[in-house]
Every structure is written in C-alpha cells, then in structure tokens.
Amino acid sequence: MARLIVANWKMNLDPAAAIKLVTKLEPKIDPSERVEVVILPPSIDLYPLDETIDKTKLKLGAQNIHYLDEGPFTGEVSAAMLKGVIDYALIGHSERRAMGEDDKLIAKKVAAAYRNGITSIVCIGENLDQREHKLSSKVVVDQLTADLALVTAEEVKDIVIAYEPLWAISHGDGKGRHATPDDIRAVLRAIRSTVEDLYGEAGGVGMRLLYGGSVNADDCMAYLGMDEIDGLLVGGDSLNYEDFASIIDASDRENTD
Ligand code: PGA
C-alpha cells in the first residue's frame, strides 16, 4: 500500500505564498506508486492550487468541512462545494475540537465527506493529563468509536485515521514533545484492533492509520519504520519545502511493500 504523507499547513500561507511553496516542492518529488502526498492548505488556497499543482505529484485536501451541503452557516464551506477540487478532508483536528467540535459533529462531517466522494482523515488523540493517568488508549478508542458512528463496513475502507497525541503537537511554537515509537505503539495497535472489532478484519486492514505530532525530517524515519502506521501527518515542518521533501523521500525509500 502506498504511504500517505499529509501536510497540514494550518492557517499559514496566502495564495501567492502557497503557489511559491508548491513550485519549489514539486521538482523535489519523484512521482511514485509508493507514496501519496496530500496538501491541506487554508481553503482560500484550494482553487489557485488546483489550477497550479502537478496532480501526478500532489493531491489536495481541506482542513475542515461543514456537515451539511448548503445552508445558513456563515463562514463555513461544505464538502459539496469542494467536491472535484479536494480528495481528502481533515476532520476533528484537536485545534478544532478545542474550539468546541465534539464527536457527534465529527461523525456527521465524516458522513458528509463520504456522501461527496471525499476521503476523511479523522484526527484523534489524548492530552497530557490523560496520558499521565494511563488513559491514552481508552480516550482514543472512545473518540474513534464515536467518530465512526455513522460509517458502514464498506465505507471504513476509505477512511484514514490520524493519531495525534495533543502533547506531541507543536502548535507552531515548537513545544510539542517528540514521541518515541514506544510511546505510541500501544495506542496505534488499539486503534487498529478497535476498527477490526467494529468492522471485521477487512475493515481494520483497509483503514489507513497515520501518526502526527511534531514529525520532522530528522525523526520521521523512526515512525516510518513502524509496522503500525501507513503514513504521517506533518504540521510545522510541511511549511519548509526542503524538510517536507526529505520526509516524502524518506517515505518512498522506507516503503518496500
Ligand atoms: P505539528 O502539527 O507537526 O506542527 O506538530 C501536526 C498537526 O497538528 O497536524
């Protein structure tokens, strides 16, 4: 299976800066069947990037979608509107959960993505306090079960889960702690086995599982060497085209499946 490497730009780069970064990044990417690269820019960048990018090298995704296709929701953008431009949508990122998104809403967004032919990347992860109380797997499994509440066995094969412990995310301030493979292995296994319990072995095998949280060009190999994951979700380091290109390159080399 191709490794999935996703760049979460968060609220950075206007359209001119977005095009500049992609123009520098693309020559460094060798199109390969072993790596799929997705950029999640701010929504204002999606249309200009759609016209600019080399689609053999990059795909686009949204950082958020609304759960309905249209209506009186000031400031929101729906999956139905983005259909045709994006292949992926990030759903339930912890920075959006912190603004009040709950698992019920996230489940409806996952359904909206599927309805519109868009692959969900559902983010789950525990905070530091929960980790210190040895609740990581429980918290993450509860989130996962609630977030997939509307997903059928057929649909789960098209879902991507991103495990991003909150204590490891940099939030742009470089303060995230770099998790070691041993810090995260048990939770990653709990995620896969929960999907298998809910949907059978085929569901668990089909679902792609990413790790994210302060991943950078220096430590990406440690995660890429783990059997438990199918790719990476990269925030801060994806804003540096050289670093992000090295992560893509490392993923290509590491994936000998
Ligand atoms: P980070 O962000 O790589 O900057 O920690 C990851 C994310 O929040 O998706």
Side-chain angles (χ1 to χ4, degrees), residues 3-13 17-18 21 25 36-43 45-46 58-65 86-101 106 109-110 113 119-128 130-131 136 139-140 143-144 147 159-181 183-184 187-188 191 208-224 226 229-251:
R3 285 281 161 84
L4 181 60
I5 304 299
V6 183
N8 179 10
W9 287 359
K10 308 193 178 184
M11 198 173 70
N12 294 293
L13 307 184
L21 189 148
L25 176 66
E36 182 180 351
V37 185
V38 179
I39 306 280
L40 309 175
S43 54
D45 298 343
L46 283 169
L58 296 172
K59 289 184 177 160
L60 290 173
Q63 293 176 16
N64 177 41
I65 51 168
I86 60 170
D87 290 300
Y88 289 88
L90 196 65
I91 299 180
H93 190 280
S94 57
E95 288 158 7
R96 295 204 60 84
R97 289 182 191 254
M99 292 188 293
E101 285 198 10
I106 289 162
K109 291 186 177 198
V110 173
T119 299
S120 298
I121 304 172
V122 183
C123 299
I124 51 180
E126 82 286 6
N127 63 31
L128 189 57
Q130 290 161 336
R131 165 143 298 231
S136 306
V139 168
V140 165
Q143 286 175 337
L144 178 68
D147 296 345
I159 298 260
V160 180
I161 304 293
Y163 171 47
E164 294 205 304
L166 273 62
W167 46 269
I169 294 177
S170 75
H171 301 297
D173 56 11
K175 285 197 187 133
R177 209 185 94 197
H178 290 255
T180 65
D183 287 333
I184 57 175
V187 180
L188 290 164
I191 293 169
R208 285 175 291 172
L209 182 52
L210 310 184
Y211 175 70
S214 298
V215 174
N216 62 32
D218 295 328
D219 66 9
C220 66
M221 287 305 279
Y223 305 119
L224 290 166
M226 296 179 72
I229 62 162
D230 305 299
L232 299 169
L233 177 52
V234 186
D237 225 37
S238 69
L239 295 169
N240 178 315
Y241 75 94
E242 284 178 321
D243 285 357
F244 192 56
S246 338
I247 295 172
I248 296 167
D249 192 43
S251 313

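Remember, it's a predicted structure, so these values are computed and weren't measured experimentally. Atoms within each ligand, like the ligands themselves, are counted from 1 in listed order.
A distance-only check finds no donor-acceptor pair linking the side chain of N240 to the backbone of D237 [under 3.5 Å]. Using modelled atom types, one side-chain atom of Q63 and one backbone atom of K10 make a donor-acceptor pair closer than 3.5 Å.
Atoms of ligand 1 found under 4.0 Å from any heavy atom of E164 (numbered from 1 in listed order, with element): 6 (C), 7 (C), 8 (O), 9 (O). Atoms of ligand 1 found under 4.0 Å from any heavy atom of N8, numbered from 1 in the order shown, are 7 (C), 9 (O). Taking every heavy atom of G235 and a limit of under 4.0 angstrom, the matching atoms of ligand 1 come to 1 (P), 2 (O), 3 (O), 4 (O), 6 (C). Within ligand 1, counting atoms from 1 as listed, the ones closer than 4.0 Å to a heavy atom of G236 are 1 (P), 3 (O), 4 (O). Atoms of ligand 1 found under 4.0 Å from any heavy atom of G213, numbered from 1 in the order shown, are 5 (O). Listed by atom number, the atoms of ligand 1 under 4.0 Å from H93 heavy atoms are 7 (C), 8 (O), 9 (O).
By the criterion of a heavy-atom distance under 4.0 Å, both the backbone and the side chain of I169 are placed next to ligand 1.
Just one residue in the list V6, L232, I161 forms a side-chain contact (heavy atoms from CB on, under 4.5 Å) with L210, and that residue is V6.
Evaluation of the side-chain contact (heavy atoms from CB on, under 4.5 Å) rule for A250 yields C220, M221, L224, R253 as partners, not counting sequence neighbours. The salt bridge (charged side-chain N to carboxylate O under 4.0 Å, His left out) check on R208 picks up E36, with sequence neighbours excluded.
The closest approach between any non-hydrogen atom of S214 and ligand 1 is below 4.0 Å.
Every N/O-N/O distance between E95 and ligand 1 stays at or above 3.5 Å.
In the model, E101 has no side-chain atom that pairs as donor or acceptor with a side-chain atom of H93 under 3.5 Å.
A salt bridge links D183 and R177; the closest N-O separation between the charged side-chain nitrogens and carboxylate oxygens is under 4.0 Å.
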